[in-house]
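Report on the structure given below.
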Amino acid sequence: MTTTQDGLAQRALELIRIPSVIGDERRLCDVVEAWALGRFGRDGVVRVSNSLAVGRRSDPRPAIALVGHLDTVPANPDGTAPRLEGGRLIGLGASDMKGSLAVMMQLADDLPLDALPFNLRLVFYEREEGPYLESGLGPLYDAAPELKAAAFTVALEPTDGAVQVGCVGSLHATLTFHGRAAHSARPWQGVNAVHAAGTLLVDLAERARAEVVVSGHTFFEVMSVTLAKGGRARNVVPDAFELNLNYRFAPGKSSDEAEADVRALVKGRCDVRVSDRSPSGRVCTDNPVFQRLVALTGRPAEAKQAWTDVARLSEWGLDAVNYGPGETAQAHQKGESASVEALGQAYEALRALLSGR
């Protein structure tokens, strides 16, 4: 482990030891704010609730913004204690994404900020792991609108060290099937709402993923039932049955078009109510900062087959990508961990990018 890697690992471990489950980010935000005030002064810190915009607000240089969320998903009650072991950082948020927060802070500490060709901006925000409309990113960008003029933005989500472009949109719809209650000994006297869902469930099971190529990157559109609810008692034919359908759709498709796809699949077999919609993220492969970052990683760029706030940034007209040291397979997992070596690799790539090397 190099000196840089050791410093990153220790800083990330300190962040992991501060619980910040979604909705409870205040303590971690206080700690990061205290660091930011010491590094940038009062004029360089904007706080909205438990979200922070950090860095020089008025600067003629093009800005590169590094964006990371403070919150984690709820802890798995497995008793895993935060620690370093065998070259890995272990604990809730290690991959998603406190290792990335450590990289962001270390870059700000180490780089000669006045001598860089770019103005470094850092964004730490709350409630990423919840519903789209509850994220702290929107109110923070409203309070610091200069962030919407950044030349390039990097969301440090877990990407296994690859630059991942765009992101799939996400739409959740409640599908409600109606029937008529009856005694289960005489089901012919009613209409079983669960059975009514059968043909649609078969259609979904047989529906192949749709491949969509955007600027040379392949995204997959998929529909999945993720929740089901119905029935009042074991001996009663159910008169209502609800399914939650989650549709992941490719960049270039609007939320309204995604809803139309769902309704076309349903074909009037049930009621449809859209409960949550998150837009897809734009692919920005023509941005020269993107091209330089990809070259610095030494790996080809990939499509982001998940939803991230690159979508929200895209709606504001920003060129943004996903790039972080966390591991996608570790995010939200029991015993979550991350490679310390990967922290160092992300740090070095972003340091070179910001330095114009």
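The structure displayed is predicted, hence computed values, not measured ones.
E126 places none of its side-chain heavy atoms less than 4.5 Å from the side chain of D24. The closest side-chain heavy-atom distance from T285 to H217 is below 4.5 Å. In this structure the side chain of L313 reaches within 4.5 angstrom of the side chain of Y141, judged on heavy atoms. Within the 4.5 Å cutoff, no side-chain heavy atoms of F219 are placed close to those of R248. Here the side chains of L318 and L147 are not in contact, with every heavy-atom distance at 4.5 Å or above. By the 4.5 Å heavy-atom criterion applied to side chains, S337 and I90 are counted as neighbours. Side-chain atoms of P279 and S254, non-hydrogen and from C-beta on, never get closer than 4.5 Å to each other. Side-chain atoms of E25 and F124, non-hydrogen and from C-beta on, never get closer than 4.5 Å to each other.
Looking only at distances, a side-chain donor or acceptor of N246 sits under 3.5 Å from a matching main-chain atom of L171. Of the possible polar contacts, none joining the E134 side chain to the R127 backbone as a donor-acceptor pair under 3.5 Å is found. In this structure a side-chain-to-backbone donor-acceptor pair under 3.5 Å is present from S100 to L156. Although no hydrogens or angles enter the test, the distance criterion places no donor-acceptor pair under 3.5 Å between the side chain of T176 and the main chain of D271. Judged by distance alone, the side chain of R263 and the main-chain N or O of A260 form no donor-acceptor pair under 3.5 Å. Judged purely by atom type and a 3.5 angstrom limit, T159 uses its side chain to pair as donor or acceptor with the backbone of G324. Side-chain N or O atoms of Q305 include one that pairs as donor or acceptor with a backbone N or O of F220 at under 3.5 Å.
When all heavy atoms of D276 and P131 are compared, the pair lying nearest together is OD2-CA, 4.4 Å. L116 and R61 make their closest contact through O-NH1, 2.8 Å (heavy atoms, listed as atom of the first residue, atom of the second, distance). Of all heavy-atom pairs spanning D71 and E129, the tightest one is OD2-N, 2.8 Å. Heavy atoms only, all atoms of each residue included: A143 and V48 are closest at CB-CG2, 3.5 Å. D319 approaches A151 most closely through the heavy-atom pair CB-O, 4.3 Å. Nearest heavy-atom pair across E327 and S95 is N-OG, 3.0 Å.
Counting only residues at least two apart or in different chains, side chain to side chain donor-acceptor pair (under 3.5 Å) contacts with residues 348-357 comprise Y347-R351. The stretch residues 158-184 participates, sequence neighbours left out, in no salt bridge (charged side-chain N to carboxylate O under 4.0 Å, His left out) pair at all.
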**OP:** Might you work through the side chain to side chain contact (heavy atoms under 4.5 Å, CB included) test for N244 and S275, ending with a clear yes or no?
**Re:** CA-CA 9 Å; N244 184 84; S275 56; 4.3 Å; yes
Original post:
Could you walk me through whether Y323 and L350 pass the side chain to side chain contact (heavy atoms under 4.5 Å, CB included) check?
Top reply: CA-CA 10 Å; Y323 171 68; L350 290 170; 4.0 Å; yes
Original post:
What do the steps show when you test Q164 against E302 for side-chain hydrogen bond (donor to acceptor under 3.5 Å, both in side chains), and what is the final call?
Top reply: CA-CA 5 Å; Q164 294 182 337; E302 303 173 354; 3.1 Å; yes
Subject >> Step-by-step salt bridge (charged side-chain N to carboxylate O under 4.0 Å, His left out) determination, K253 to D261 >> reply: CA-CA 10 Å; K253 178 171 288 185; D261 286 349; 2.6 Å; yes
Subject >> Derivation and outcome, side chain to side chain contact (heavy atoms under 4.5 Å, CB included), residues Y247 and M223 >> reply: CA-CA 4 Å; Y247 179 27; M223 292 186 186; 3.5 Å; yes
**OP:** Check the pair N322, T308 against side-chain hydrogen bond (donor to acceptor under 3.5 Å, both in side chains), reporting the backbone distance first and the verdict last.
**Re:** CA-CA 8 Å; N322 308 280; T308 73; 2.7 Å; yes
Original post:
Is there a side chain to side chain contact (heavy atoms under 4.5 Å, CB included) between L200 and K267 once you walk through the steps?
Top reply: CA-CA 9 Å; L200 180 60; K267 297 177 181 176; over 6 Å; no
Mind listing the side-chain donor-acceptor pairs of residues 228-240 below 3.5 Å, one per line with the distance, residues two or more places apart or on another chain?
none

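A salt bridge is absent between K304 and E157; no separation between the charged side-chain nitrogens and carboxylate oxygens falls under 4.0 Å. Ionic pairing of R56 and D43 is not present here: no N-O contact between side-chain nitrogen and carboxylate oxygen is shorter than 4.0 angstrom.
For the atom pair R47 CZ and R42 CZ, the distance stands at 9.0 Å (nearest 0.5 Å). Of the inter-residue distances, the one linking I16 atom CD1 with L84 atom CG reads 8.0 Å to the nearest 0.5 angstrom. One finds the CZ atom of R39 at 4.5 Å from the CG atom of L113 (value rounded to the nearest 0.5 Å). Within the model, atoms OG1 of T2 and CD of E341 stand 9.0 Å from one another, a figure rounded to the nearest 0.5 Å. With values rounded to the nearest 0.5 angstrom, L111 atom CG is found 10.0 Å from Q106 atom CD. How far OH of Y132 is from NE2 of H172: 13.5 Å, rounded to the nearest 0.5 Å.
Ring pair F241/F177 is tilted by interplanar angle, where 30° to 60° counts as tilted. Ring geometry for F152 against F290 counts as tilted: the plane angle lies between 30° and 60°, on a 0 to 90° scale.
The number of heavy atoms from other shown groups lying within 6.0 Å of NZ (K148) is above 12. Within 6.0 Å of the CZ atom in R209, the count of heavy atoms belonging to other residues, nucleotides or ligands does not exceed 12.
Clustering ILVMFWY residues whenever any of their side-chain heavy atoms sit less than 4.5 angstrom apart, transitively, puts V294 in the very cluster that holds L354. Under the 4.5 Å side-chain heavy-atom criterion for Ile, Leu, Val, Met, Phe, Trp and Tyr, I18 and I22 are members of distinct hydrophobic clusters. If you chain together hydrophobic residues whose side chains sit under 4.5 Å apart, V274 and L243 fall into the same group. The hydrophobic clustering, which links ILVMFWY residues whose side-chain heavy atoms are closer than 4.5 Å, places V45 and L107 together. Clustering ILVMFWY residues whenever any of their side-chain heavy atoms sit less than 4.5 angstrom apart, transitively, puts M97 in the very cluster that holds V32.
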